[in-house]
Amino acid sequence: MQTIRIQLRECTQETVELRYWLPEKKHYESRRLQLAEIANFLTQGERDYYKLLPNLLGIGKQLFFWLDGDGRWLSRGIANCRGEGLVIAIDTDKKLAHLPWEVLHDGEDFLVKRVNPVVLPLRWIEKETEAFSVEARQLRVLFMATDPEDVQPKLEFEQEEARILADKLIGI
């Protein structure tokens, strides 16, 4: 899968720098975007996106065309994608992080519904991660027995448990 990396960083109260790395390029290109163009999303983002019936189509189109801009770099990146699919990794900070990037819509359909290529917009945070190790220990499992209604014969949990424990003791 190819990846388009997008980084949005606030420069001033009114602008954000958009940095994007296309799959075939080793360095990023950048441009400045006006936050006023999506100011209504910044104020309504959480309220409208998380309500019962948000306007996902409208939100997705406006976010896509705001990112795509006059140069149509995102549209071209999707059109030029070769292979299994395309990941659009979006790294944002502060108030832009709460926008619904998952609903990007190119005017024809939501990007997540595309097939040729498959497009997966996701949130991405660039930072070092700490290494971790898995402790070697026994696996502990808890089972909960349930008894369906209106089924005959009824399950006899205690007798089943006794058989399991007897089998376990024999196996030791």
Side-chain angles (χ1 to χ4, degrees), residues 1-137 139-141:
M1 273 195 144
Q2 296 178 343
T3 302
I4 293 178
R5 290 178 38 209
I6 299 173
Q7 197 173 48
L8 294 161
R9 293 290 178 253
E10 294 178 43
C11 299
T12 67
Q13 291 290 333
E14 298 84 27
T15 64
V16 65
E17 181 184 16
L18 166 67
R19 295 177 181 173
Y20 54 94
W21 291 260
L22 295 173
E24 64 276 356
K25 297 190 179 181
K26 301 293 183 214
H27 64 282
Y28 70 86
E29 297 179 31
S30 70
R31 61 185 179 127
R32 295 221 177 206
L33 301 175
Q34 297 297 316
L35 287 172
E37 296 174 10
I38 59 162
N40 60 331
F41 284 146
L42 296 174
T43 57
Q44 299 173 356
E46 285 190 37
R47 185 188 72 209
D48 288 350
Y49 182 61
Y50 297 107
K51 71 180 186 179
L52 186 59
L53 294 172
N55 179 9
L56 298 179
L57 181 68
I59 294 169
K61 282 182 180 180
Q62 190 168 354
L63 282 175
F64 181 86
F65 292 115
W66 180 68
L67 280 179
D68 205 24
D70 295 334
R72 304 290 181 239
W73 68 271
L74 186 54
S75 298
R76 284 185 284 121
I78 293 170
N80 294 335
C81 177
R82 303 289 176 250
E84 297 175 8
L86 179 68
V87 174
I88 301 176
I90 304 168
D91 178 17
T92 63
D93 63 354
K94 299 179 185 166
K95 57 187 168 187
L96 295 172
H98 299 292
L99 292 175
W101 301 106
E102 302 82 16
V103 299
L104 288 172
H105 191 288
D106 64 0
E108 294 179 27
D109 210 348
F110 292 101
L111 296 187
V112 295
K113 291 176 69 178
R114 291 185 58 108
V115 186
N116 287 320
V118 171
V119 178
L120 178 63
L122 58 87
R123 295 165 193 264
W124 165 62
I125 299 173
E126 184 175 9
K127 67 177 184 177
E128 293 293 321
T129 57
E130 295 179 21
F132 68 94
S133 61
V134 178
E135 182 182 327
R137 58 184 166 85
L139 176 65
R140 297 181 185 173
V141 180

Quiz prompt | Atom pair NZ (K113) and CG (D106), whose distance is rounded to the nearest 0.5 Å | solution = 11.0 Å

Exercise. Just jot down the ring-ring contact (aromatic ring centres under 6.0 Å, His included) partners of F64, sequence neighbours excluded, or say none.
Key: none

Exercise. Identify, with sequence neighbours excluded, every residue that meets side-chain contact (heavy atoms from CB on, under 4.5 Å) alongside V141.
Key: L139, F143

Quiz item: So how far is it from H105 NE2 to I59 CD1, rounded to the nearest 0.5 Å?
Solution: 12.0 Å

Practice problem: Give a yes or no on whether a salt bridge exists between R19 and E17, defined as a side-chain N under 4.0 angstrom from a carboxylate O. | Solution: yes

Exercise. Mind checking the CZ-OG1 spacing from R123 to T92? Nearest 0.5 Å is all I need.
Key: 6.5 Å

Self-check item: L67 and L8: CA distance, side-chain angles, deciding distance, side chain to side chain contact (heavy atoms under 4.5 Å, CB included) verdict
Solution: CA-CA 10 Å; L67 280 179; L8 294 161; 4.2 Å; yes

Quiz item: Among all residues two or more places apart in sequence or in another chain, which pass the ring-ring contact (aromatic ring centres under 6.0 Å, His included) test with W73?
Solution: Y20

Quiz item: Taking all atoms of both residues into account, what is the closest heavy-atom pair of S75 and D68, and its distance?
Solution: OG-OD2, 2.5 Å

Practice problem: Taking side-chain contact (heavy atoms from CB on, under 4.5 Å) as the test, write out the residues that go with F65, two or more places apart. | Solution: K61, R72

Quiz prompt | Backbone of Q34 reached by a side-chain donor or acceptor of W66 within 3.5 Å | solution = yes

Quiz prompt | Interatomic spacing from CH2 in W124 to CD1 in I6 - rounded to 0.5 Å | solution = 10.0 Å

Quiz item: What residues form a side chain to side chain donor-acceptor pair (under 3.5 Å) with R5, not counting sequence neighbours?
Solution: none

Quiz item: Which pair of non-hydrogen atoms, one from R76 and one from G71, has the smallest distance, and what is that distance?
Solution: NH2-O, 2.9 Å

Quiz item: For D91, what residues pass the side chain to side chain donor-acceptor pair (under 3.5 Å) criterion, not counting sequence neighbours?
Solution: Q7, R9

Self-check item: Option from L104, V112, L111, I4 for which side chain to side chain contact (heavy atoms under 4.5 Å, CB included) with V119 holds
Solution: L111

Quiz item: Could you give the distance from CG (L120) to CG (L86), rounded to the nearest 0.5 Å?
Solution: 9.0 Å

